[in-house]
Amino acid sequence: MAKLGNPKNTIEILNKYEFSFQKKFGQNFLVDTHVLDKIVRAADITKDDFILEIGPGIGTLTQYLCEHGKQVLAIEIDKNLIPVLEETLADYDNVEVINEDVLKLDLKKIIEERNGGNKIKVVANLPYYITTPIIMGLFESNLPIENIIVMVQKEVADRIQSGPGTKDYGSISVAVQYYAKPYIAANVPPNCFMPRPKVGSAVLCLTPHDNPPVQVKDDKLFFQIIRSAFNQRRKTLVNGLYNAGIINLTKEEISEAITRLDKPVNVRGEALTLEEFASLSNILSEKI
Ligand code: SAM
């Protein structure tokens, strides 16, 4: 089977199977070998690695992963791509394709069955419509992950790696940085995909922390506070938290918690660091 990753071979296989792109699945296939090389390099893939790929498409990135890694598990939602993948991955005996919606799978159980408790790498050109649930789902499911290397919308990558006081800083920045250290390995223009997306993309690397950078007593409350703090960006943090109705406290009680952070009572959520959100959530959890 010819290597994919260039427009000619991609078009050939798409025509052979009379494949039509499904917008609802966020299908933009990579057609640039330089980008594929960059992803594999950023993931630092070796022959010891078990790799989870989300959304293999026609198997372009999958071929690279099979060549460089030990074992690949690819999860693809679109049943029309399964016969295509059977052909494009026929030369590899170290790949398994599961035809499922990744958001509905018990990844912890599946990975445990296939790789014991050992660490895995996640490498994917993600469907952009579900980037956040996929990334947060990976962290929340408590999988043994060494690193995550994903192609995402450029704007989302910027938001994820932003810090307080910047316009890109938001709940996704705090939530992801709670679990991992983000780093943008490359920016990728629309002409590297077929069809071309309307937006720019970026290769985002996430390295999970060995030890959590902050201690949070109540995870659920911590995430609710982050969401409420950024939901109404123009409002003060006190009003944002009070209006969200997640905590049964008066405005005065919330203000008192904020002043214990050495912050003015009219501070906005976007000014707080991850550490300050963690402290605030611990103070509020004691008050509730
Ligand atoms: N990896 C291929 C590449 O780089 O050319 C395709 C990437 S394309 C951006 C995203 C892929 O994810 C598509 O093949 C799409 O069908 C698949 N996909 C979309 N939603 C999915 C879901 N919920 N679970 C699993 N795969 C999904």
Side-chain angles (χ1 to χ4, degrees), residues 1-14 17 19-40 42-43 45 51-69 72-89 92 95-107 110-111 121-138 141 148-154 156-157 185-186 188-204:
M1 171 69 214
K3 281 282 286 293
L4 299 162
N6 64 53
K8 183 176 160 284
N9 293 353
T10 299
I11 290 170
E12 227 170 78
I13 195 97
L14 292 174
Y17 286 88
F19 180 77
S20 23
F21 289 98
Q22 299 237 40
K23 227 177 167 176
K24 67 171 179 190
F25 290 146
Q27 293 174 337
N28 300 96
F29 299 157
L30 268 167
V31 287
D32 187 304
T33 52
H34 298 295
V35 177
L36 288 153
D37 283 332
K38 264 188 202 163
I39 296 176
V40 170
I45 295 181
I51 303 146
L52 168 67
E53 187 192 8
I54 298 161
I58 56 170
T60 312
L61 177 58
T62 327
Q63 290 183 337
Y64 277 68
L65 299 176
C66 290
E67 272 172 27
H68 291 82
V72 180
L73 173 65
I75 298 165
E76 173 55 60
I77 196 170
D78 187 351
K79 68 174 182 344
N80 293 330
L81 287 167
I82 303 306
V84 183
L85 287 166
E86 270 161 22
E87 175 172 343
T88 59
L89 302 177
Y92 306 101
V95 59
E96 177 188 2
V97 177
I98 298 182
N99 181 204
E100 266 295 348
D101 177 346
V102 69
L103 295 177
K104 293 194 179 139
L105 286 181
D106 182 347
L107 284 178
I110 292 176
I111 303 285
K121 290 183 176 173
V122 180
V123 184
N125 171 15
L126 288 182
Y128 294 169
Y129 75 109
I130 43 168
T131 300
T132 305
I134 290 179
I135 293 179
M136 291 311 291
L138 288 170
S141 58
I148 300 176
I149 307 321
V150 279
M151 181 84 72
V152 299
Q153 204 176 316
K154 164 92 174 83
V156 174
V188 182
N191 60 4
C192 297
F193 302 88
M194 184 182 292
R196 292 181 184 192
K198 289 199 179 78
V199 292
S201 306
V203 178
L204 176 72

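Whatever order the structure lists them in is the order used to number ligands and atoms, beginning at 1.
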Should [X] be counted as touching ligand 1, given the test is an N or O pair under 3.5 Å?
X      : answer
Ile77  : yes
Asp78  : no
Gly26  : no
Pro127 : no

Using a 4.0 Å cutoff against the non-hydrogen atoms of [X], which atoms of ligand 1 qualify?
X      : result
Leu30  : 3 (C), 4 (O), 5 (O)
Leu81  : 14 (O)
Glu100 : 24 (N), 25 (C)
Val102 : 22 (C), 23 (N), 24 (N), 25 (C)
Asn28  : 7 (C), 8 (S), 9 (C)
Glu53  : 1 (N)
Gln27  : 13 (C), 15 (C), 16 (O)
Leu126 : 9 (C)

Distance check, rounded to the nearest 0.5 Å: [X] atom [atom1] versus [Y] atom [atom2]?
X      : Y      : atom1 : atom2 : value
Leu14  : Ile58  : CG    : CD1   : 5.0 Å
Ile39  : Asn125 : CD1   : CG    : 6.5 Å
Ile130 : Asp101 : CD1   : CG    : 6.0 Å
Leu73  : Ile98  : CG    : CD1   : 4.5 Å
Leu52  : Ile75  : CG    : CD1   : 5.0 Å
Glu100 : Asp106 : CD    : CG    : 11.5 Å

How far is [atom] from its nearest protein heavy atom, and which residue and atom name does that atom have?
atom                    : answer
atom 19 (C) of ligand 1 : Phe25 O, 3.1 Å
atom 20 (N) of ligand 1 : Tyr129 OH, 2.9 Å
atom 23 (N) of ligand 1 : Asp101 OD1, 2.9 Å
atom 16 (O) of ligand 1 : Glu76 OE2, 2.6 Å

Query raised in the report: Could you go step by step and tell me if Arg196 and Asn28 meet the side-chain contact (heavy atoms from CB on, under 4.5 Å) rule?
Result: CA-CA 7 Å; Arg196 292 181 184 192; Asn28 300 96; over 6 Å; no
So for [X], does at least one of its heavy atoms come nearer than 4.0 angstrom to any atom of ligand 1?
X      : result
Met151 : no
Ile75  : yes
Gln22  : no
Val31  : no

Query raised in the report: How far apart are the C-alpha atoms of Ile134 and Leu103, what are their side-chain angles, what is the distance that settles it, and do they pass the side-chain contact (heavy atoms from CB on, under 4.5 Å) test?
Result: CA-CA 7 Å; Ile134 290 179; Leu103 295 177; 3.9 Å; yes
Side-chain ([X]) to main-chain ([Y]) donor-acceptor, under 3.5 angstrom:
X      : Y     : result
Asn99  : Glu76 : yes
Lys121 : Ala43 : yes
Gln63  : Leu4  : yes

Query raised in the report: Hey, does the Lys NZ or Arg CZ of Lys3 hover above the aromatic six-ring of Tyr64, less than 6.0 Å from the centre and inside 45° of the axis?
Result: yes
Query raised in the report: Does the pair Phe193 and Val31 meet the rule for a side-chain contact (heavy atoms from CB on, under 4.5 Å), with working shown?
Result: CA-CA 5 Å; Phe193 302 88; Val31 287; 5.6 Å; no
Query raised in the report: Which part of Pro56 is near ligand 1, with near meaning a heavy atom under 4.0 Å away: side chain, backbone, both or neither?
Result: backbone
**Report entry** Proximity of Thr62 to ligand 1 by residue part, where a heavy atom lies under 4.0 Å
**Finding:** neither
